[in-house]
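Both backbone and side-chain heavy atoms feed into the values below; hydrogens, waters and symmetry mates do not. No experiment lies behind these values; they were computed from the predicted model shown. We count ligands from 1, going down the list as the structure has it; atoms in each ligand are counted the same way.
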Amino acid sequence: MRALQFTAYGGPEVLTWGDAPEPHAGPGQIRIAVRAASVNPIDWKTLAGAMSGGQPMVGTSYLGYDAAGVVDEVGEGVTGVSVGDDMLGRGQNTQAEYAVLDSWAVKPTSIDWAVAAAAGVAGETSERGLRLLGVKAGDTIFIDGGAGGVGATAVQMAVARGAKVIASSSEANQDYLVELGATPVLYGEGEVARVRAAAGGPVDAVFDVAGKTPVEDLISLAREPAQVLTIANFAAGQAGARVTGGGADSHPNEALAEVAELLAQNKLVIKIQTFPFHRAADAYRISQGGHVRGKLVLVP
Ligand SMILES: NC(=O)c1ccc[n+]([C@@H]2O[C@H](COP(=O)([O-])OP(=O)(O)OC[C@H]3O[C@@H](n4cnc5c(N)ncnc54)[C@H](OP(=O)(O)O)[C@@H]3O)[C@@H](O)[C@H]2O)c1
């Protein structure tokens, strides 16, 4: 099969789309023939060596954490999945012709493959954030960075729960935030005052999905520091905010089931831009720029 790969840390220019060994579904896993795989910031961070813990690179590495496709292997112990099923989900090395998924949900038939592929990481992360913050109907939540992959999904999932959502973006994405159901505010200087004015009262939860605003500013909006949760500012814990990187606090199968249901009901709409796999470097460059609207998706 072919897969996106690299043999030295670097920028998008070191990526190649070439031959690779086929993965196989282990216990509790499924393998899919990939129809689409999304690009997440962790991909170019991994490519740059930022996730290596300072260790030198050995051999060839592969990329991608979510995808959608057709099941062609079902691992030991997996029930309720058959070869030929259309799935979306999360795994590793998904930017390839075949990928193994660790968590999945049935792809709604009405949803495009590329949209389904975009839902894995963004959907699981959004569900995790809203659950850890206890967001419920009637709450007011501020999502800092509402127009990106995680942000746009989190905004819509919070709206679907009946929350009042205030979200930040650049000028270019203010209308997009309105489309998603949020009250838009500009990020940057004066953001805290704008959020307070938009909330018209206390903010019950702050979900920082960009990691750009000083955590003290975000904490000043909440009733208590622990009601600020970040996925992108790993120093925020020192100020009393909560940080989540997935792992033990992740409920991926429940999250993906919720995401698939919202997609099927059109309560979650993911704006996508697609690129053929051999042009992955272009998608990585755009992602690195930090101003993605919705999601970037690679397709065969
Ligand atoms: N810890 C976890 O479990 C986890 C999971 C997934 C992602 N992440 C991390 O979360 C971050 C976001 O991921 P993503 O996939 O949503 O990225 P993305 O799709 O690239 O989105 C980036 C967004 O950040 C916004 N932004 C840029 N500068 C900002 C600022 N100063 N204030 C507020 N928003 C700003 C941009 O809005 P404009 O275009 O309007 O400027 C853009 O919409 C990345 O660092 C990623 O690695 C962590």
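Taking CG of Leu296 as the start and CZ of Phe275 as the end, the distance is 5.5 Å to the nearest 0.5 Å. For the atom pair OG of Ser126 and CE of Met157, the computed distance is 6.0 Å after rounding to the nearest 0.5 Å.
Among residues at least two apart or in separate chains, ring-ring contact (aromatic ring centres under 6.0 Å, His included) pairs with a member in residues 8-49 are Trp17-Phe277. Within the structure, salt bridge (Lys or Arg N to Asp or Glu O under 4.0 Å) pairs that include any residue of residues 93-121 do not occur (at least two apart or interchain).
For Arg293, no heavy-atom contact with ligand 1 is shorter than 4.0 Å. The backbone and the side chain of Ile231 each have at least one atom closer than 4.0 Å to an atom of ligand 1 (non-hydrogen atoms only). Looking at His291 against ligand 1, both its backbone and its side chain come within 4.0 Å, counting heavy atoms. The side chain of Lys45, and not its backbone, has at least one atom closer than 4.0 Å to an atom of ligand 1 (non-hydrogen atoms only; side chain from C-beta on). Contacts of Thr125 with ligand 1, taken as heavy-atom pairs under 4.0 Å, involve the side chain alone.
Using modelled atom types and a 3.5 Å distance limit, the side chains of Thr244 and Arg128 yield a donor-acceptor pair.
For atom 19 (O) of ligand 1, the nearest protein heavy atom (residue, atom name, distance) is Gly149 N, 2.8 Å. The shortest contact between atom 37 (O) of ligand 1 and any protein heavy atom is with Tyr187 CE2, 4.0 Å.
Shown in contact with Ser168 at under 4.0 Å from a heavy atom are these atoms of ligand 1, numbered in order with element: 33 (C). Close approach of ligand 1 to Gly145 is summarised as follows: ligand atoms under 4.0 Å from at least one heavy atom of the residue are 33 (C), 34 (N). Short contacts between ligand 1 and Asn173, defined as distances under 4.0 Å to a heavy atom of the residue, involve ligand atoms 38 (P), 39 (O), 40 (O). Listed by number with element, the atoms of ligand 1 under 4.0 Å from a non-hydrogen atom of Val209 are 10 (O), 11 (C), 12 (C).
Counting heavy atoms only, Pro41 comes closest to atom 15 (O) of ligand 1 of the residues Pro41, Ala147, Gly246. Between the choices Gly290, Ser169, Ser170, Gly129, the shortest heavy-atom distance to atom 24 (O) of ligand 1 belongs to Gly290.
Although no hydrogens or angles enter the test, the distance criterion places a donor-acceptor pair under 3.5 Å between the side chain of Gln174 and the main chain of Val185. At least one donor-acceptor pair under 3.5 Å links the side chain of Gln5 to the backbone N or O of Ala3.
When only interatomic distances are considered, the shortest N/O to N/O separation between Thr244 and ligand 1 falls below 3.5 Å. Considering backbone and side-chain atoms alike, Ala210 places every N or O at 3.5 Å or more from each N or O of ligand 1. Residue-to-ligand polar distances place Val150 within reach of ligand 1: an N/O pair is separated by less than 3.5 Å. Polar contact check, Lys212 against ligand 1: no nitrogen or oxygen pair lies under 3.5 Å apart. Considering backbone and side-chain N/O atoms, Val292 comes within less than 3.5 Å of an N/O atom of ligand 1.
Counting all heavy atoms, side chain and backbone alike, Ile219 lies closest to Val228 at CA-CG2, 3.8 Å.
Ionic pairing of Arg161 and Glu258 is present here: one or more N-O contacts between side-chain nitrogen and carboxylate oxygen are shorter than 4.0 angstrom. Arg31 and Asp72 are joined by a salt bridge, as a carboxylate oxygen and a charged side-chain nitrogen come within less than 4.0 angstrom of each other.
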### Task
Given salt bridge (charged side-chain N to carboxylate O under 4.0 Å, His left out), test Arg2 with Asp19 step by step and report yes or no.
CA-CA 4 Å; Arg2 289 202 290 173; Asp19 291 340; 5.2 Å; no

